[in-house]
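Reading through the structure tokens given below for one structure.
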2 protein chains.
Amino acid sequence: MTPKPPEQTPSATPASRSRRERPAKPALTYEGIVGTAVALMRSEGLQRVTMRRLAQQLDTGPASLYVYVANTAELHAAILENLLGEVDLSPVRAPGDWRERLVTLLGSCTRTLFQYPGLAHSALVARPSGPNYLALVESVLALLHEGGVPDAQAAWGVDVLLQVATATAAEQSTRDRDAAAEDEHEALVRALRQATSAGHPRIAALGDDLFSGSPEQRLAWTFRAVINGTEATPRTH
Amino acid sequence: MTPKPPEQTPSATPASRSRRERPAKPALTYEGIVGTAVALMRSEGLQRVTMRRLAQQLDTGPASLYVYVANTAELHAAILENLLGEVDLSPVRAPGDWRERLVTLLGSCTRTLFQYPGLAHSALVARPSGPNYLALVESVLALLHEGGVPDAQAAWGVDVLLQVATATAAEQSTRDRDAAAEDEHEALVRALRQATSAGHPRIAALGDDLFSGSPEQRLAWTFRAVINGTEATPRTH
DNA sequence: ACCTGAACACCGTTCAAGT
DNA sequence: ACCTGAACACCGTTCAAGT
């Protein structure tokens with residue numbers, strides 16, 4: 001499923017107009033483009049995967065890419081689908097409590113998205129439809145089914161669970177990577193701490209508990225809460 | 001809290017180097033910049049609120065804005081804080097079931113973010129820390145408290161609830177506004193429908209129920225599920 | 001059919017210089 | 001102190017022209 005990037009091999013046919021003695025340039029293919037894009041993202045982050053940079057990497061002009069890819073959004077979606085192949089789906093067939101296995105699986109999803117700056121962010125906008133995404137959806141549904149969650153609730157719950165997994169990765173990864181975003185978070189912490197019981201009684205009452213726990217603890221609790229809510233909330237209304 | 005935009009009034013002092021007979025240009029202030037930015041967003045969407053366009057609107061060069069605003073992210077956060085003032089917090093003090101009032105309040109939040117393309121998207125990354133955001137957090141906490149949700153769970157639950165409200169708005173608004181994003185969604189629907197009971201048994205079993213319901217129905221169910229989960233999930237683990 | 005040079009219409013941010 | 005012209009280093013996308 002993961003196409004190998006077209007690494008320039010010395011055995012390739014020589015380019016007619018060779019600039020210096022660069023290894024021959026491979027023919028463009030969709031798989032090659034996506035593979036190179038994934039490699040570029042791994043080394044420099046998604047925000048650097050632009051049409052122009054990618055074209056440069058492939059030793060061509062940006063216009064050439066438009067033969068294979070409709071636009072930047074589609075390119076980013078293809079990268080995401082590719083990366084989703086790294087999510088560990090093994091908890092589906094593992095022994096143990098189905099809830100904890102689902103929490104583990106969703107955690108792997110968040111961690112995968114979190115690994116590359118910008119990826120989670122793009123995942124919120126461009127839901128992919130490739131085989132890796134389908135496998136992920138199927139896995140979540142299988143665990144909900146094993147847990148006896150009614151089908152109607154599982155059908156809507158899977159969306160929420162994946163959305164939470166994605167949104168958390170997006171938030172965390174911008175906060176960790178971007179200095180400006182961390183400043184913003186500190187400003188929020190300060191503002192919440194300064195809330196008085198006159199102006200904001202509940203914020204003041206909860207105090208530091210609003211920021212308690214490690215990101216991992218909070219994420220695991222969040223998954224458990226959404227799983228429990230999905231299980232307990234009938235769709236009739 | 002909402003600064004008025006510095007609408008050019010004819011009574012303002014005339015600019016020394018007047019290009020044509022444009023009304024005099026008001027002095028730059030932080031409030032004026034944010035107000036103009038909000039107006040620009042309302043008319044053209046957040047993606048058009050760039051430093052350069054905003055500067056043009058204020059009849060100055062982009063460099064001048066950097067005296068008041070550190071960067072584009074900070075500008076977008078300021079716009080968001082401003083818009084959060086439009087969220088209807090009245091359900092907090094209304095009569096009726098606390099759950100349904102919380103669903104209504106969160107729905108107003110989603111609808112506000114959804115109104116302007118790009119706003120929700122930026123909200124996921126740059127959490128604001130202004131008074132309007134604090135008021136929103138306080139309101140959610142107040143309703144959870146009224147419902148007898150334990151403090152420890154409310155403290156973590158408020159984050160999840162606002163995250164879901166924001167992420168849903170982001171998803172919906174890109175899907176509605178962007179033709180390419182809608183194509184992508186249709187591709188996903190097609191892929192899910194084509195899933196066979198051999199390859200993806202749970203997806204096949206649920207079938208069209210995966211896409212059932214209006215966006216409003218799904219959103220309300222999602223809020224209810226997360227509220228129920230927050231209420232029912234202890235933090236000890 | 002596939003590829004591309006060149007152009008169009010933009011960006012954010014910095015910094016030396018001016019007032 | 002505040003403001004800005006000009007530059008630097010980029011973008012996505014299109015399209016006529018080439019092979």
Side-chain angles (χ1 to χ4, degrees), chain A residues 6 12-19 22 24-33 36-37 40-41 44-79 118 121-122 125-126 174 178-181 183, chain B residues 6 13-19 24-33 36-37 40-41 44-79 118 121-122 125-126 174 178-181 183:
Chain A
T13 61
S16 41
R17 41 181 159 10
S18 58
R19 311 166 160 222
R22 173 173 319 177
K25 117 188 184 187
L28 287 178
T29 62
Y30 179 78
E31 286 74 22
I33 288 169
T36 307
L40 186 57
M41 186 213 56
E44 311 197 25
L46 191 69
Q47 37 282 103
R48 306 224 78 98
V49 184
T50 64
M51 291 302 225
R52 292 181 106 105
R53 267 188 96 84
L54 183 56
Q56 204 180 295
Q57 209 79 187
L58 289 162
D59 195 21
T60 184
S64 306
L65 302 180
Y66 285 84
V67 177
Y68 302 93
V69 174
N71 50 46
T72 307
E74 193 181 295
L75 177 67
H76 285 186
I79 293 174
H121 199 246
S122 107
V125 176
T174 45
D178 194 344
D183 287 354
Chain B
T13 61
S16 39
R17 38 179 164 11
S18 57
R19 310 164 161 226
K25 123 191 180 181
L28 287 177
T29 62
Y30 178 79
E31 285 75 22
I33 288 169
T36 306
L40 187 57
M41 186 213 54
E44 311 198 24
L46 191 68
Q47 37 280 102
R48 304 224 79 96
V49 185
T50 64
M51 292 301 224
R52 292 181 106 106
R53 268 188 97 84
L54 182 56
Q56 204 179 296
Q57 207 81 187
L58 288 162
D59 196 20
T60 184
S64 306
L65 302 179
Y66 284 85
V67 176
Y68 301 93
V69 172
N71 49 48
T72 307
E74 193 180 297
L75 177 69
H76 285 186
I79 293 174
H121 199 246
S122 108
V125 176
T174 44
D178 195 344
D183 287 353

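First the proteins, then the strands, lettered A, B, ... as listed; each starts at 1.
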task = Using ring pair (Phe, Tyr, Trp, His ring centres under 6.0 Å) as the criterion, list what pairs up with A/H121, not counting sequence neighbours.
result = B/H121
Indicate every side-chain donor-acceptor pair of residues 44-51 of chain B with a distance under 3.5 Å to a residue at least two apart or in another chain.
from, atom 1, to, atom 2, distance (Å)
B/E44, OE1, B/R53, NH2, 2.7
B/E44, OE2, B/R53, NH2, 3.1
B/T50, OG1, B/R53, N, 3.1

query = Can you find a pair of side-chain heavy atoms, one from B/L54 and one from B/L75, that are under 4.5 Å apart?
reply = yes
request  = Nearest 0.5 Å please: distance from the CG atom of A/L40 over to the CG atom of A/L58.
outcome  = 9.0 Å
request  = Would you give a per-nucleotide map of nucleotides 8-19 of chain C, 5' to 3', where B means the base has a protein non-hydrogen atom under 4.0 Å away, S means only the sugar-phosphate does, and - means neither?
outcome  = ---BBBBB----
Closest non-hydrogen atom pair, A/N71 against A/Y66 = CA-CE2, 4.3 Å
task = Identify the heavy atoms of B/I79 and B/A37 that sit nearest to each other, and give their distance.
result = CD1-CB, 3.8 Å
ask   = Would one find a side-chain N or O of B/Y68 under 4.0 angstrom from OP1 or OP2 of D/dC2?
value = no
key: Distance, rounded to the nearest Å, where B/L65 contributes CG and D/dC3 contributes P   = 10 Å
remark   = In whole angstroms, the gap separating C1' of C/dG5 from CG of A/D59 amounts to 15 Å
message = Which residues pass the side-chain hydrogen bond (donor to acceptor under 3.5 Å, both in side chains) test with B/S64, not counting sequence neighbours?
response = B/T60
remark   = Applying the Watson-Crick and G-U criteria (both distances under 3.5 angstrom) with [ ] for crossing and | for other-strand pairs, one obtains for DNA chain C ||.|||||...|||||.||
ask   = When you compare C/dC8 with D/dA9, how far apart are their P atoms, in angstrom units rounded to a whole number?
value = 22 Å
ask   = Has the side chain of B/Y68 got a donor or acceptor atom that lies under 3.5 Å from a matching backbone atom of B/I33?
value = no
